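Structure first, commentary second.
These numbers come from a predicted model, not from an experiment. Letters A, B, ... mirror the listed sequences (proteins, then strands); counts begin at 1.
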Amino acid sequence: MELSRPRGTRDFLFYQMKQRKMVENTLKRVFESYAYQEIKTPIFENLSLFTQKSGEEIVEQIYYFKDKGDRQLALRPELTAPVARLYISKLQKSPKPLKMYYFGSCFRYERPQAGRFRQFWQFGCEIIGGKSPETDAEMITMAAHSLKELELEGFEIHLGHLGILRGILDEVNIVEKDQDHIMGLIDKGEREKLLKFLTKLKIDDNTLKILLELIAMKGNPQIIGNLKKILKGREKALNALQELEELLEYLEILQTDDYLLNLGIARGLDYYSGMVFEIYVPSLGAQKQICGGGTYNIIETFGGEKIESTGFAFGFDRLMSALISQGIDWKVSPVADVFIAPISPKTRKESLKIAQYLRLSGISTEVDLGRKKLKKILSYAHNRGIKKVVLVGERDLKQGKLTLKDMETGEQILINKDELLNQIDVLKK
RNA sequence: GCCAAUAUGGUGUAGAGGAAGCACUCCAGACUGUGACUCUGGUGGGGAGGGUUCGUUUCCCUCUAUUGGCCCCA
């Protein structure tokens with residue numbers, strides 16, 4: 001029998017899990033400080049949930065199967081659709097704006113490579129029904145805040161607005177389907193193909209020039225003035241620009257200033273409509289994007305009322321590799337605060353009693369379970385990185401005493417048995 | 001789907017067509033109530049299948065996996 005993992009999956013060992021838990025907990029803490037509430041959706045859904053939104057061709061990348069009742073099911077490839085599903089079926093009439101966050105694994109049948117696995121984790125959020133520049137600003141701020149809290153260095157926030165591009169295209173009567181195609185080409189940076197396609201659509205030269213100019217625009221907020229000139233007379237685009245300008249004002253109020261305007265951001269998905277942003281860690285190379293999000297109209301796609309939502313998700317695994325390669329101090333604590341060591345077989349029962357007593361008092365405690373000799377017990381405790389050991393010996397017990405040993409200094413003190421709890425502080429240090 | 005490199009004890013690695021070595025780990029022991037350092041001993045190894053050869057872990061092919069890149073990325 002071959003014991004191996006499926007391709008593109010990983011096992012996480014103790015130390016890695018501690019690191020991941022730490023990041024998870026930090027993100028939860030930050031998100032909750034913005035009043036988001038956690039939700040969890042199933043690992044598998046009906047296949048149609050995902051094909052409905054993105055068409056049949058997406059099936060290529062989905063792990064799907066038939067269950068015993070002949071239902072077509074799929075391991076979720078992303079979390080936006082499940083969240084939308086949950087919203088439509090249970091939360092449509094809840095007070096708006098509705099703020100939620102999620103953390104879970106997704107599955108895609110793809111060729112594994114750096115920063116890409118077949119099972120990967122996303123940590124993301126969604127705010128439904130609160131379309132305003134404030135909403136967008138708060139969300140971007142929360143993403144930046146999270147990364148600062150994690151002490152991640154060298155990340156870049158790129159901020160754009162699809163309303164500007166779409167506004168221009170609307171005014172020269174480009175249908176939505178063609179717009180989506182154009183967005184796709186922009187997102188991939190396919191300049192040649194884009195040019196060809198735009199020419200085919202018979203877009204006038206002036207508009208064409210402006211489009212190309214826009215998608216190459218990158219820089220600090222000062223470029224807004226420039227944009228206004230370029231977009232003169234194009235109402236829809238100017239409205240979107242106005243929205244973006246307001247968003248920037250709110251970002252300033254929320255003290256988020258380390259971003260870059262980038263109108264070339266289009267996101268791959270069709271349903272994005274307004275603000276979009278992506279966060280990169282350039283040192284990660286090919287898979288440098290650790291976060292992406294924006295404002296979109298997905299609820300409608302699934303047959304709910306028309307309502308705007310804004311959301312983003314961290315690629316949790318990429319975030320982890322960025323933090324690890326940066327060499328964060330993980331401050332990992334030992335498995336237990338105290339080890340209880342019976343000096344001889346006769347004190348085993350007493351040792352377990354003491355261990356349980358400490359656990360019930362909230363101290364993480366390990367006790368010898370291997371019936372080892374004292375030497376081995378101490379060696380084991382040392383290898384586990386445990387700093388305090390309680391030696392339970394017959395001679396001491398007769399006088400109602402225990403020996404408390406500090407594994408770092410080697411110092412030992414004799415204490416009264418009933419004094420043990422009073423030593424909690426000492427034990428925890 | 002495509003390209004390349006890699007595959008040796010639990011981990012990290014060396015070597016050579018002819019008895020597979022090192023470091024760490026693990027287990028046992030070195031005056032049986034004391035760990036780290038030290039010493040002694042032990043367990044344990046060439047991804048899978050096929051070919052070449054008197055003989056292959058070593059050369060060749062296929063598969064699988066890993067790593068990196070391309071394609072793709074809801």
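Using the Watson-Crick or G-U wobble rule with both distances under 3.5 Å, A23(B) pairs with U11(B). Taking a pair to require two hydrogen-bonding distances under 3.5 Å in either a Watson-Crick or a G-U wobble arrangement, G55(B) remains unpaired. If you check A4(B) for Watson-Crick or wobble pairing at under 3.5 angstrom, you find it paired to U67(B). Nucleotide U43(B) has no partner under the Watson-Crick or G-U criteria, as no pair reaches both atom distances under 3.5 Å.
When only modelled atom types and interatomic distance are considered, Gln326(A) and Glu151(A) share no side-chain donor-acceptor pair under 3.5 Å.
Glycosidic torsion of G49(B) falls outside 90° of 0, placing the base in anti.
Distance check on atom P: U32(B) versus U25(B) gives 25 Å, rounded to whole Å. Spacing between G69(B) and G12(B) at atom C1', rounded to whole Å, works out to 26 Å. G55(B) and C3(B) are spaced 36 Å apart, taking the C1' atom of each and rounding to whole Å. When the C1' atom is compared between U52(B) and C70(B), the two are found 36 Å apart, to the nearest whole Å. To the nearest whole angstrom, the two C1' atoms, one in G45(B) and one in C37(B), are 30 Å apart. Separation of the P atoms belonging to A23(B) and G29(B) is 22 Å when rounded to the nearest angstrom. Straight-line distance between the P atoms of A19(B) and U13(B): roughly 27 Å, to the nearest whole Å. Between the C1' atoms of G15(B) and U67(B), the separation comes to 24 Å (whole Å).
Taking the ring centroids of Phe312(A) and Phe314(A), they lie under the 6.0 Å cut-off.
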**Study point:** Stepwise side chain to side chain contact (heavy atoms under 4.5 Å, CB included) check, Arg76(A) with Phe44(A)
**Key:** CA-CA 5 Å; Arg76(A) 59 187 182 198; Phe44(A) 56 89; over 6 Å; no
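When all heavy atoms of Phe120(A) and Arg10(A) are compared, the closest pair comes out as CA-NH2, 4.1 Å. The two residues Leu263(A) and Leu165(A) come nearest to each other via the heavy atoms O-CD1, 3.8 Å.
Between Lys388(A) atom NZ and U34(B) atom C1' the separation is 16 Å, expressed in whole Å. Atom CD of Gln287(A) and atom C1' of U67(B) are 13 Å apart (whole Å). Nucleotide C73(B) holds its C1' atom 15 Å from the NZ atom of Lys288(A), rounded to whole Å. Separating the CD atom of Glu411(A) from the P atom of G35(B) is a distance of 17 Å, rounded to the nearest angstrom. Taking atom CG on Leu13(A) and atom P on G12(B), their separation rounds to 12 Å, with Å as the unit. One atom, CZ of Arg10(A), and another, P of U66(B), lie 11 Å apart when rounded to the nearest Å. Look at CZ on Phe117(A): it is 11 Å from C1' on U67(B), rounded to the nearest Å. Put simply, NE2 on His382(A) is 11 Å from P on G35(B), counting in whole angstrom units.
Residue Gly385(A) is out of contact with every strand shown, counting any heavy-atom pair closer than 4.0 Å. Contact annotation for Ile62(A): base contact, defined as any heavy-atom pair under 4.0 Å involving a base atom.
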Protein-nucleotides 27-33 of chain B N/O pairs closer than 3.5 Å?
residue	atom	partner	partner atom	Å
G29(B)	OP1	Lys373(A)	NZ	2.9
G33(B)	N7	Arg395(A)	NH1	3.1
G33(B)	O6	Arg395(A)	N	2.7
G33(B)	O6	Arg395(A)	NE	3.4
G33(B)	N2	Asp396(A)	OD2	3.2

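Listed pair Arg7(A) / U64(B) fails the phosphate criterion, with no side-chain N or O lying under 4.0 Å from OP1 or OP2.
Electrostatic pairing of Lys373(A) and Asp368(A) does not count as a salt bridge here, judged by no charged N lying under 4.0 Å from a carboxylate O. Salt bridge present: Arg20(A) and Asp317(A) bring a charged side-chain N and a carboxylate O closer than 4.0 Å. Classification of Glu305(A) and Lys93(A) as a salt-bridged pair holds, one side-chain N sitting under 4.0 Å from a carboxylate O. Salt-bridge check for Glu156(A) with Lys288(A): failed, with every basic side-chain N at 4.0 Å or more from each acidic carboxylate O.
Near RNA chain B, meaning a heavy atom under 4.0 Å from it, residues 108-116 of chain A has Arg108(A), Glu110(A), Arg111(A), Gln113(A), Ala114(A), Arg116(A) in order of number.
With sequence neighbours excluded, the residues forming a ring pair (Phe, Tyr, Trp, His ring centres under 6.0 Å) with Phe12(A) are Trp121(A), listed by chain and number.
Ring-plane geometry between Phe31(A) and Phe123(A) is classed as perpendicular, the angle between the planes exceeding 60 degrees on a 0 to 90 degree scale with a lower cut at 30.
With RNA chain B read from its 5' end, the first of the two nearest nucleotides for Phe107(A) and Arg5(A) is the one closest to Arg5(A).
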